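Remember, predicted model here, so these are calculated numbers, not experimental data.
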Amino acid sequence: MTAHHGMWRIFALLLLLFLPAVLGAQQIKLVSGKVLDKNNRTHIFSYADEVYVFAFNTIGAAEDAYAILGAKDTSVDQMVVSDGQERVQDGGYYEIRVADNGYLIFKQGMSKSSEIIPVDGRLNIDVAIDGAIALAEVNVVGISKEIKVMPPNPEINGDMISAVVDIPIPQHLGKSNGRLIIQPFLVDCVKKDTVNFLSPYVYDGEQYHLTQERRMNYDENNDPLTAYLQEIPLTEDRARLKIPISAKFLVPKRMYHVDAFIQMEDYMDVYYSVVQMLTTCRIKRPLRFLEYSFPQYQLDPNEFRVRAKRERRDTGGNISLTFLIGKAELDPDNPQNDIEINKLKSDLMNIINSEGTTLKEFHITGVASPDGGYNSNLALARRRVQYAQQSITSVLPKYVLDRVYQNPQAEVASWLEVAKLLEADSLFTQAAEIRSIVEKNESSRDRQSSLIARLPYYSSLIKGYLPKLRTVRYEYKYEIFRELTPEEIYHRYTVDPDYKSGKKRFALYEYWHLFNMVKDSTELEKLYRDAYDESKKMGKNIQPWILAANNLAISYLKRDTADLSILAPFIDLKREQVNYRDPFTNYIINKEEVVANQLAMYLKCDKFDEASILAQILPDTEKNKMVKAFALCLKGYYRGGATAEEQQRNREVLNRVRESTPINRVVMNLAVGNNVLAEQALKDVPSEKAIYWYLKAIINARTLGEDLGMLDITLNMKECFRRDEEFIDIFMNDGEFSEDMVDYVLDDYQLEKELNAGMANY
């Protein structure tokens, strides 16, 4: 195979070198046009109609071929020596290279009629041919009893894969008392998994249909396959069934093909069964290279500012007070005692003196160290708590104290807390001894203290940790009846770690201020998420905070990611307009900025159906025109159209997307089959980009054909791979190239890499 490819490559090179001399003054031009049905001008031929175009550079060769193609019993499969041959694509479009004074012959399938047209220097030739199909007489050498499908390369339109598949039914395989069932199913080309089943096609013989009616008690609903019954009856005669295949891609960037279970049965048995591939994995998908990005649609923060509400604030902390040993009196020699108490007194006074705040609760919990008797320690802790509580609250007026709920608590620390302190200092042996004593004497705190006091290192080590357990914790709760200033809010955010970590949540109006003050994008995204989640807790019938949701969506889009659930609560497709205000709730539905951002999210998730729906409700403004154009283009609305209005819309989509970037100009010309303009547009794409060489190879394959263009295709694809080997996976499944072409290029590229590696190691 390698030797064959090598000879092919040399022949192509020689042909390129000597072709100008052979042709003399002739110039080879790319001619394109459309083929119409002469008998029905509204019918435009498609790929499935098997219309062929032959190119001849001389009148003599054209006349000889015309005589052969018009002869009895001649099909396009008969050998015709031409200078080029192409098959008309869907929409009747064709392109072929021919001498400017050459001739074209058009012929459909096995029709006896054909049309010969002089080129006369024209670059566009539209032609009408006789669309009547006359089956030629054949000499039957043998009768095949197998159904063998030649799977076509499917087309892709938006997120739909489509093809018309020709299924030949051999003579005598069908019968009048039989049923043919064709059950197509979509298959992932990489994982080989069945993705889903498509609608089946059912063909009944006349006798089978009559008998089946009686078997179903003349109620067609009793037969679940009746809904899929086709008009063409199953007979013993040879038949060619053309069935349209259409399937929605679940993940449009993946590759899929369509297989089918083909089964024939009579009343009792399945007498024929086979699985056939209906379409290949090789799909022409130039839109995969489309470049697009969208502006972020910001909401006006002032329009969606949340009013301040009455909020309850819970605050707490530890203060460290040193008491005289065994007494409920503060140590007068420790100045830190006064500092701690005065600070807490100041905080309480600020609360009661600040406008719009009310102190609701104040609690102190005192903790005594575990050394000594448990009951005496607990009693001492209670006296100390009462002393501290009275000292701290003595500054509060009586009318305030009468309205403040107080619940002082006292407790004795566990010896296990001493063990934790020892472990923190890597004193694991001593900590283990203490834990062992506690576990063996769980029911008696006094015995624990007695045994631990006997440890040889009690006085030298353990006593030093006990003062750390003699603490006083405080907690107070207050209500705020005023809006905090931005400075106060930002101070909480930067100083209190619980607020910054999300353990404590801000009020929505506080988030609004933080959105304007915090600059770090990562922190902002977390604030948007926290605020959005907080707003969803307000109730099932209350719309979440649209500003937080939209900001969060924009943050995701900037990171090239998507979450379709964020903006979903604000969109209602039943309202085919933007900025609709619900008269009952006063909420805005389909806010224009939200719709545009959700459209971008849909495109990132390859949900082209949903994106195109949103595009159609967006207003036709200057800002929206590219967003709408890309959404409609990716859905496939860039050519054709059932009405004049749709055709005009699709032309506008095509032109807008085509002119958006140099690469898009190439891509869209390839998408509509205008390879000449694609080749011209490629000149504006920087050649240092890998995609330049890939697109150039596609143009080579289309304009030169793989035989004549093999050398160019190989050189361009290898240049592409040298810049970015990720294109190899695309190339392997690209319907622009044959499997032989792909194998040859990849073998050549791999051989080149091995040779280069060998030279580097030499």
Side-chain angles (χ1 to χ4, degrees), residues 314-349 351-352 359-422 434-435 437-439 441-454 458-459 462-478:
D314 298 344
T315 270
N318 289 321
I319 57 175
S320 179
L321 302 178
T322 303
F323 289 88
L324 295 173
I325 297 176
K327 295 184 178 181
E329 299 177 19
L330 294 175
D331 184 355
D333 296 328
N334 187 353
Q336 190 64 29
N337 286 334
D338 290 337
I339 293 174
E340 294 278 357
I341 288 182
N342 289 334
K343 180 180 181 303
L344 187 50
K345 286 180 178 180
S346 176
D347 289 344
L348 295 177
M349 290 301 294
I351 291 173
I352 67 170
L359 184 65
K360 303 297 292 185
E361 299 180 20
F362 180 76
H363 310 291
I364 284 187
T365 300
V367 182
S369 60
D371 52 313
Y374 174 77
N375 290 330
S376 60
N377 285 340
L378 184 60
L380 179 61
R382 287 171 178 163
R383 293 198 303 275
R384 287 174 172 173
V385 166
Q386 291 171 357
Y387 176 86
Q389 178 116 353
Q390 184 177 4
S391 299
I392 294 168
T393 59
S394 62
V395 297
L396 300 178
K398 184 177 184 304
Y399 75 89
V400 173
L401 281 176
D402 289 343
R403 291 163 177 78
V404 175
Y405 173 62
Q406 301 183 65
N407 185 24
Q409 298 290 326
E411 60 186 53
V412 179
S414 168
W415 283 106
L416 293 178
E417 295 181 54
V418 177
K420 290 179 182 178
L421 294 174
L422 293 170
I434 291 178
R435 288 185 180 279
I437 291 173
V438 172
E439 290 173 3
N441 301 275
E442 288 184 359
S443 60
S444 176
R445 297 281 294 269
D446 287 344
R447 180 158 179 76
Q448 293 173 17
S449 298
S450 176
L451 293 174
I452 291 171
R454 298 175 191 174
Y458 177 78
S459 298
I462 295 176
K463 272 191 172 183
Y465 286 92
L466 296 178
K468 296 180 180 180
L469 302 177
R470 299 164 186 156
T471 62
V472 175
R473 294 194 304 269
Y474 69 88
E475 178 184 4
Y476 56 81
K477 299 181 180 181
Y478 63 97

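In this structure, V404 and F362 approach most closely via the heavy-atom pair CG1-N, 3.7 Å. Scanning both residues, I434 and A419, for their nearest heavy atoms gives CG2-CB, 4.3 Å. Between E442 and E439, the closest heavy-atom pair is CG-O, 3.4 Å. Considering every non-hydrogen atom in both P408 and V385, the closest pair reads CB-CG1, 3.5 Å. When all heavy atoms are compared, the tightest approach of A381 to E411 is CB-O, 4.0 Å.
Side-chain contact annotation: D446 with S444, donor-acceptor N/O pair under 3.5 Å absent. Neither side chain, Q406 nor E361, offers a donor N or O lying under 3.5 Å from an acceptor on the other. Checked by atom type, the side-chain pair N407/Q409 shows a donor-acceptor distance below 3.5 Å.
Proximity of Q448 to L451: side-chain heavy atoms (C-beta onward) are nowhere separated by under 4.5 Å. I352 has its side chain out of reach of Y399: every pair of non-hydrogen atoms, C-beta onward, lies at least 4.5 Å apart. Using a 4.5 Å heavy-atom cutoff, the side chains of Y458 and K463 are in contact. Taking 4.5 Å as the limit, some side-chain heavy atom of L396 sits within range of a side-chain heavy atom of T393. Counting heavy atoms from C-beta outward, P370 and E417 have side chains that stay 4.5 Å or more apart. The closest side-chain heavy-atom distance from V400 to L348 is not below 4.5 Å.
The number of heavy atoms from other shown groups lying within 6.0 Å of CD (Q390) does not exceed 12.
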Can you check side chain to side chain contact (heavy atoms under 4.5 Å, CB included) on R473 and I364, steps first, answer last?
CA-CA 6 Å; R473 294 194 304 269; I364 284 187; over 6 Å; no

So S369 and K468, side chain to side chain contact (heavy atoms under 4.5 Å, CB included) or not? Walk me through it.
CA-CA 8 Å; S369 60; K468 296 180 180 180; over 6 Å; no

Can you list the steps and then say if I351 with Y476 is a side chain to side chain contact (heavy atoms under 4.5 Å, CB included)?
CA-CA 10 Å; I351 291 173; Y476 56 81; 3.3 Å; yes

Would you please test D331 and N337 for side chain to side chain contact (heavy atoms under 4.5 Å, CB included) and show each step?
CA-CA 8 Å; D331 184 355; N337 286 334; 4.1 Å; yes

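Interatomic distance, I341 CD1 to I392 CD1, rounded to the nearest 0.5 Å: 5.5 Å. To the nearest 0.5 angstrom, Y478 atom OH is 10.0 Å from L359 atom CG. Separation of atoms CG (N334) and CD1 (I339) is listed at 8.5 Å; rounding is to 0.5 Å. Annotation: the span from N441 atom CG to I452 atom CD1 amounts to 9.0 Å, rounded to 0.5 Å. Distance check: E340 CD to L330 CG gives 11.0 Å after rounding to the nearest 0.5 Å. Distance check: E475 CD to H363 NE2 gives 6.0 Å after rounding to the nearest 0.5 Å.
Under a 3.5 Å cut-off, the side chain of S449 and the backbone N or O of R445 do form a donor-acceptor pair. The closest donor-acceptor contact from the side chain of S391 to the backbone of Y387 lies under 3.5 Å.
Note on R470 versus D371: salt bridge recorded, some NZ/NE/NH1/NH2 to OD/OE distance being below 4.0 Å.
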